[in-house]
Amino acid sequence: METCASSYLLKLCFSLALFCMPFVTFATDKHTHQDFFQCLSLNSANATSISKVIYTPINSTYTSALDLSIQNLRFRTPSVPKPLVIVTPVDVSEAQAVVYCTRKTGMQLLVRSGGHDYEGQSYISSAPFVVLDLVNLRNITVDVEGATAWVESGATLGELYYRIGEKSKTLGFPAGVCITIGVGGHFSGGGYGSLMRKYGLAADNVIDAQIIDVNGKLLNRKSMGEDLFWAIRGGGGGTFGVVISWKIKLVVVPEKVTILAAVRSQNVTSLVHKWQYVAAQDFPKELYMSLILQSTVGSDGKPTMLAIFNTLYLGGVDELLNITGSSFPELGLTREECLETSWVNSTLNFYGITGQPLETLLNRTANTRAYFKNKSDYVKEPMSETVLEEVWKWIQKEDPGVAVMQWEPYGGRMSEISESAIPFPHRAGNVFKIHYMTTWTNGSAEESNRHLSWIRSFYGFMAAHVSKSPRLAYMNYRDLDIGRNKDHGRTSYRQASVWGTKYFNRNFDRLVKVKTAVDPDNFFRNEQSVPPFSSW
Ligand SMILES: Cc1cc2nc3c(=O)[nH]c(=O)nc-3n(C[C@H](O)[C@H](O)[C@H](O)COP(=O)(O)OP(=O)(O)OC[C@H]3O[C@@H](n4cnc5c(N)ncnc54)[C@H](O)[C@@H]3O)c2cc1C
Ligand SMILES: *[C@@H]1O[C@H](CO)[C@@H](O)[C@H](O)[C@H]1NC(C)=O
Ligand SMILES: *[C@@H]1O[C@H](CO)[C@@H](O)[C@H](O)[C@H]1NC(C)=O
Ligand SMILES: *[C@@H]1O[C@H](CO)[C@@H](O)[C@H](O)[C@H]1NC(C)=O
Ligand SMILES: *[C@@H]1O[C@H](CO)[C@@H](O)[C@H](O)[C@H]1NC(C)=O
Ligand SMILES: *[C@@H]1O[C@H](CO)[C@@H](O)[C@H](O)[C@H]1NC(C)=O
Ligand SMILES: *[C@@H]1O[C@H](CO)[C@@H](O)[C@H](O)[C@H]1NC(C)=O
Ligand SMILES: *[C@@H]1O[C@H](CO)[C@@H](O)[C@H](O)[C@H]1NC(C)=O
Ligand SMILES: *[C@@H]1O[C@H](CO)[C@@H](O)[C@H](O)[C@H]1NC(C)=O
Ligand SMILES: *[C@@H]1O[C@H](CO)[C@@H](O)[C@H](O)[C@H]1NC(C)=O
């Protein structure tokens, strides 16, 4: 595994190299550009129409097209490598032409849906590359009678929730909390949210898909075969092809659900200790109570811990109070803290937006962007109160209010699905998942390094208290600190298995087999994409 210092040096050397050799890269680029455009116009049904969705640095709209969905400001700076071309196709045949022509002209292809990748892997590479941005492929067709929907990858989760809510009060879909996430990357890596304990992940509820393969061919579940269909439901984006659309099974939700965010600043240690025993094990599947932990400044001027119990209950408030009253009386939950609402309304509230029209779900930029670094861990055994006190000390080493830990209870449906049903392996035996986060607004190297170094040290401390051999992590919380492919993503099986077994555990080898069968030359790749055997 790389140390923090060496990985930082690598990045630094890399940006210097690009900076010093602009003429060399430009000369090759120009040539490749022309071949690429020629290929596109020859291979599109309508050359005039596709030219309107091609952006190169000479277009004044290039930067806004690129920055449109970049979530992490760390990757918006000038030193980060930029694509030679961005294409935003308006139909599937244009996307097929982009795949075909990028491969033909020897460039790398990155696919982007919502741009939320934690490490910018949908729009950053060290080799000359094209971004295929699916922002215009976002149609959603809901079939209420069949309780299914077809959703294109460029749609956001907010758009999906809105379209379901528009047609039905009693159907929903189990996916992420952040409404601006793209369906394409999210489903590709699993996708969890507040319906996880009742219905599992987004990827658990995918029943068909359309994918463009390495040859530019459009396949569905039947023509791609069950192995590839297995791999794309959690095996990580940017690896097996371009998934254009997904057929999903919608799930039943009651007309009224109950939501709340109970904030507690007293007895935090004992409350959190108890939470570890009830949230995943005692609570029914209908109750999802996640935990946000952060430090604040108390009335005495000293740092103090805050625990926020972020909750969704698939039922009314009376039932909920009954359950918490008997399993978790210490929480002292009151009716005033709870709100009964529809499921679709709850998705907006849960995201932290209140008092705004439901149409906010359709807003692709409805969140604040910052510099951030997040990591994940899986916890198999509850921690003791003594360990929890140590954890609080670590949180308080960061600037007040900046460090956040989010604990996601497992159990319920998550424990019933087998570890190999889809590539996502984190099922029975997990009590909860930890999500570590830190954000900052001053992008100077000094500030960035201070925050990065805090989160890495904290993660080091936590090793003793979380899953081991391998220390597991969540694919959609991509973290290049845990290992990365070398050589522009052309890595060896051995190198990739370092990070691959953390995300996929025993499913890693099957992913390598599928990759070898469908993309033996590793055309679809990034710094953490599963490699084919051929690159051993
Ligand atoms: C603010 C924020 C909140 C989040 N909240 C949650 C949450 O509640 N639950 C959760 O599970 N996760 C959450 N995530 C993580 C999120 O699920 C992942 O980052 C996800 O991969 C993002 O998908 P995207 O399409 O927006 O990202 P992108 O950056 O577009 O893509 C991510 C990866 O998938 C690839 N990819 C994208 N589209 C396709 C496609 N159509 N076909 C093949 N490959 C593709 C990309 O090349 C890249 O490698 C959150 C992330 C952020 C930044
Ligand atoms: C091609 O696209 C252009 C612009 O999008 C349109 O005006 C034209 O009619 C199209 N041509 C054909 C043959 O469809
Ligand atoms: C970018 O510029 C080229 C050349 O002027 C033009 O053909 C193309 O339509 C422009 N792209 C966009 C998205 O405006
Ligand atoms: C888009 O979705 C609507 C319904 O939501 C459907 O009527 C229409 O045919 C779809 N369009 C395409 C191009 O798939
Ligand atoms: C904290 O715990 C003590 C002892 O268990 C209890 O007496 C007290 O009421 C609790 N405080 C709150 C605010 O719940
Ligand atoms: C609450 O619990 C009591 C006792 O277990 C039960 O009689 C009652 O019906 C429950 N109420 C609701 C609304 O579930
Ligand atoms: C959901 O929100 C809308 C608009 O914000 C509101 O009009 C409606 O009453 C809400 N529905 C429920 C059940 O609370
Ligand atoms: C989307 O949300 C952002 C941030 O809240 C806001 O500035 C913008 O005006 C919104 N856009 C629309 C179309 O509502
Ligand atoms: C990652 O961390 C940042 C900073 O705390 C946060 O804004 C973002 O929402 C985090 N991602 C998720 C999935 O919560
Ligand atoms: C950002 O941080 C650097 C180094 O810590 C400092 O010199 C600079 O003044 C800060 N910038 C702002 C805008 O606060």
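For ligands, and for the atoms within them, numbers begin at 1 and follow the listed sequence. Just so you know, these numbers use all the heavy atoms, side chains as well, and skip hydrogens, waters and symmetry mates.
Contact annotation for Tyr477 and ligand 1: only side-chain heavy atoms (C-beta onward) come within less than 4.0 Å of the ligand. Counting heavy atoms closer than 4.0 Å to ligand 1, residue Tyr474 contributes side-chain atoms (C-beta onward) but none from N, CA, C or O. By the criterion of a heavy-atom distance under 4.0 Å, both the backbone and the side chain of Ser113 are placed next to ligand 1. Contacts between Leu134 and ligand 1 below 4.0 angstrom, taking non-hydrogen atoms only, involve the side chain exclusively. Heavy atoms of Asn526 found under 4.0 angstrom from ligand 1 belong exclusively to the side chain.
Side-chain polar atoms of Tyr123 and Asp117 form no donor-acceptor pair below 3.5 angstrom.
Heavy-atom distances between Arg478 and ligand 1 reach below 4.0 Å in at least one pair. Heavy-atom distances between Gly241 and ligand 1 reach below 4.0 Å in at least one pair. Within the structure, the closest approach of Phe240 to ligand 1 does not fall below 4.0 Å when heavy atoms are considered. Within the structure, ligand 1 lacks Gly189 among the residues with a heavy atom less than 4.0 angstrom away.
For atom 1 (C) of ligand 7, the protein comes within 4.0 Å by at least one heavy atom. Per-atom contact check: atom 11 (N) of ligand 7 touches the protein, criterion being a heavy-atom distance below 4.0 Å.
Considering only non-hydrogen atoms, atom 8 (C) of ligand 7 lies nearest to Asn345 out of Asn345, Leu339, Thr354. In the candidate list Ile181, Leu157, Val177, Ile181 is nearest to atom 6 (C) of ligand 1, counting heavy atoms.
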Ignoring hydrogens and angles, write down the donor-acceptor pairs under 3.5 Å from the side chains of residues 207-214, residues two or more places apart or on other chains.
unit_1 : atom_1 : unit_2 : atom_2 : d
Asp208 : OD1    : Arg221 : N      : 3.0
Gln210 : OE1    : Ser245 : OG     : 3.1
Asp213 : OD1    : Asn215 : N      : 2.9
Asp213 : OD1    : Gly216 : N      : 3.1
Asp213 : OD1    : Lys217 : N      : 2.9

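Residues satisfying the side chain to side chain donor-acceptor pair (under 3.5 Å) test with Ser497, not counting sequence neighbours, are none.
A donor-acceptor pair is defined here as one N or O able to donate and one able to accept, closer than 3.5 Å; no such pair exists between the side chain of Asp519 and the backbone of Pro532. Side-chain atoms of Asn310 never come within 3.5 Å of backbone atoms of Phe350 as a donor-acceptor pair (strictly under, hydrogens ignored).
Taking every non-hydrogen atom of Glu446 and a distance limit under 4.0 Å, the qualifying atoms of ligand 10 come out as 4 (C), 5 (O).
Ligand 7 has no N or O atom lying under 3.5 Å from any N or O atom of Ser342, backbone or side chain.
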